[in-house]
> 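My questions will all concern the structure given below.
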Amino acid sequence: MKKVVKFGGSSLASAKQFKKVGEIIRSDKARRYVVPSAPGKRSKTDEKVTDMLYACYDAASTGASYGKIFSKIKERYEQIIEGLGLNLNLDFEFKKIEENFIAKKGRDYAASRGEYLNGIVMANYLGYEFVDAAEAIFFDDNGNFLADKTDQELSQRLEHIDRAVIPGFYGSKPDGTIKTFSRGGSDVTGSIVAKAIHADIYENWTDVSGFLVTDPRLVENPVPIETITYRELRELAYMGASVLHEDAIFPVRKEGIPINIRNTNKPEDPGTLIVESTCRKPKYVITGIAGKKGFCSINIEKAMMNSEIGFGRKVLDVFEQYGISFEHMPSGIDTMTIFVHQDEFVDYEQSVIAGIHRAVQPDFVDLEADLALIAVVGRGMKSARGTAGRIFSALAHARVNVKMIDQGSSELNIIIGVKNDDFEPAIKAIYDIFITAEI
Ligand code: ASP
């Protein structure tokens, strides 16, 4: 059995957290490949090492004074090393980093040092081998991740290493310069390593016990999701739920490797299991509820629209001309509605209306602003009758006016449009009818 374990910044923010991580790793022999993030925040008001590195580099590379922040970063590592009682000195590494900052080796290089140094500390602490991600994770000259080359080299390299630490977040370009993934990218590294070694499972350790059915800022203490499919996760993540980097699912998904989100501070919690597919019956009909505010709708009406070939294409063409993407497009016989992000749309609204008039000569065009979209997602909806009915009666009871309904053909989600002001009560009402009422 082989497991890849990735630990997020808050799991490695201090020596105390490192010790918890050490215990987790040592308690299971299969946890052989470790991907650390950089030390994160120790409290709400603390700073992440990655943010400090960006700030420090910006100062050093423009000739401003950077000594204070550089010392602060160094101190973070020294405290961890001392707290763990390790015989390790990073002076040489810090000297090299300082020289490279002054030589303007790049912001990506700077940010990556957070994971690099934490990898060295982690390897020393566990007695595992350190494998620099710059030697095994590759990008092309334009900064695009090279999946096949990486997979080949990384699997070859790790084949003969029983236990290794591979720092997250970065790799290198053909000329050797360091390139990082986008923020939170250690999740992606963990997934790449899991694919390369054909892991049985990719454990992603963070500071929450997995995904919750909905946002805890909207509903008090929402229940955790036990099992979720990759498709459900995509739907929820797209609508604003976030725990895992979006790109982290692609490497493992292709290989059928499950991801288990776990809590370093509560290792006894089972967390959330993300799988390709499952026969396990979901506990509730719905898996999750997520949503976003800030949409507006463009309602277009024209008699006999349904028989006018090319109508939809011509309308969408106008949006394309102005570089506006659309989110949803419910339609009736003589009406068509387009949902767009308000902030992308406002600057062009009058031009778009004029464009629509020119393109399809509608009877009228009407705009409505300040709308929210809510996605109710669940593989269980397919086999449960009356899901839509339950949603709408719950919303009616909560006195929420439904502006739009869109059920995807996958029967995996139902999208509901409401006024921004109704967003919170709507989510609460849906949560209560499907979860609270079933507990
Ligand atoms: N340390 C990086 C960040 O703060 C990457 C990560 O934590 O995954 O974004």
Side-chain angles (χ1 to χ4, degrees), residues 4-14 17-18 20-21 24 33-58 69-70 72-74 76-77 80 90 93 97 101 105-123 130-134 136-137 139 143 145 150 165-172 178-195 202-208 210-211 237 241-252 259-265 274:
V4 169
V5 284
K6 180 259 166 178
F7 290 90
S10 59
S11 302
L12 301 168
S14 63
Q17 290 298 90
F18 252 83
K20 292 185 193 168
V21 167
I24 290 166
Y33 300 93
V34 181
V35 176
S37 284
K41 293 183 180 186
R42 291 161 295 187
S43 66
K44 272 210 173 94
T45 52
D46 198 16
E47 278 177 288
K48 281 180 159 197
V49 163
T50 310
D51 292 325
M52 295 202 282
L53 283 163
Y54 280 124
C56 186
Y57 179 79
D58 290 345
I69 186 150
F70 195 79
K72 252 169 105 181
I73 297 168
K74 204 164 168 219
R76 289 287 303 263
Y77 288 97
I80 293 172
L90 294 177
E93 294 292 348
I97 291 170
F101 276 24
K105 284 275 162 129
R107 287 191 100 223
D108 280 15
Y109 165 80
S112 75
R113 294 307 87 184
E115 274 65 15
Y116 171 79
L117 294 169
N118 229 17
I120 294 177
V121 175
M122 177 69 93
F130 175 75
V131 174
D132 188 354
I137 293 189
F139 294 85
F145 171 58
T150 297
V165 173
I166 308 104
F169 193 35
Y170 71 94
S172 63
I178 298 290
K179 166 89 187 117
T180 63
F181 293 106
S182 57
R183 293 300 303 265
S186 300
D187 284 343
V188 185
T189 308
S191 184
I192 292 166
V193 175
K195 175 173 167 25
Y202 166 26
E203 289 180 349
N204 187 297
W205 291 81
T206 174
D207 53 8
V208 288
F211 296 109
S242 73
V243 170
L244 191 70
H245 192 295
E246 262 202 295
D247 295 337
I249 64 173
F250 299 110
V252 284
I259 305 177
N260 190 193
I261 308 286
R262 299 284 293 266
N263 189 347
T264 299
N265 304 317
I274 312 168

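Everything numeric here is computed off the predicted structure, so don't read it as measured data. Both ligands and their constituent atoms are indexed starting at 1 by order of listing.
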> Just say parallel, tilted or perpendicular for the rings of Y116 and F130, cut-offs at 30° and 60°.
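Because their plane-to-plane angle is over 60°, the rings of Y116 and F130 count as perpendicular.
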
> From the options F139, Y170, F169, select the one residue that forms a ring pair (Phe, Tyr, Trp, His ring centres under 6.0 Å) with F181.
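Output: one option passes, namely F139.
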
> Applying the side chain to side chain contact (heavy atoms under 4.5 Å, CB included) test to T264, which of I24, V208, T206 qualifies?
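Answer after filtering I24, V208, T206: I24.
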
> Taking atom NZ of K20 as the centre, report whether more than 12 heavy atoms of other residues, nucleotides or ligands fall under 6.0 Å from it.
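Yes - once you tally the heavy atoms of other residues, nucleotides and ligands closer than 6.0 Å, there are more than 12.
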
> Below 4.0 angstrom, N of the basic side chain to O of the carboxylate: do K41 and D207 qualify?
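No salt bridge links K41 with D207.
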
> For ligand 1, what are the residues with a heavy-atom contact below 4.0 Å?
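These residues qualify: S37, K48, T50, E115, F169, R183, G184, G185, S186.
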
> Would you please test E93 and Y77 for side chain to side chain donor-acceptor pair (under 3.5 Å) and show each step?
CA-CA 12 Å; E93 294 292 348; Y77 288 97; over 6 Å; no

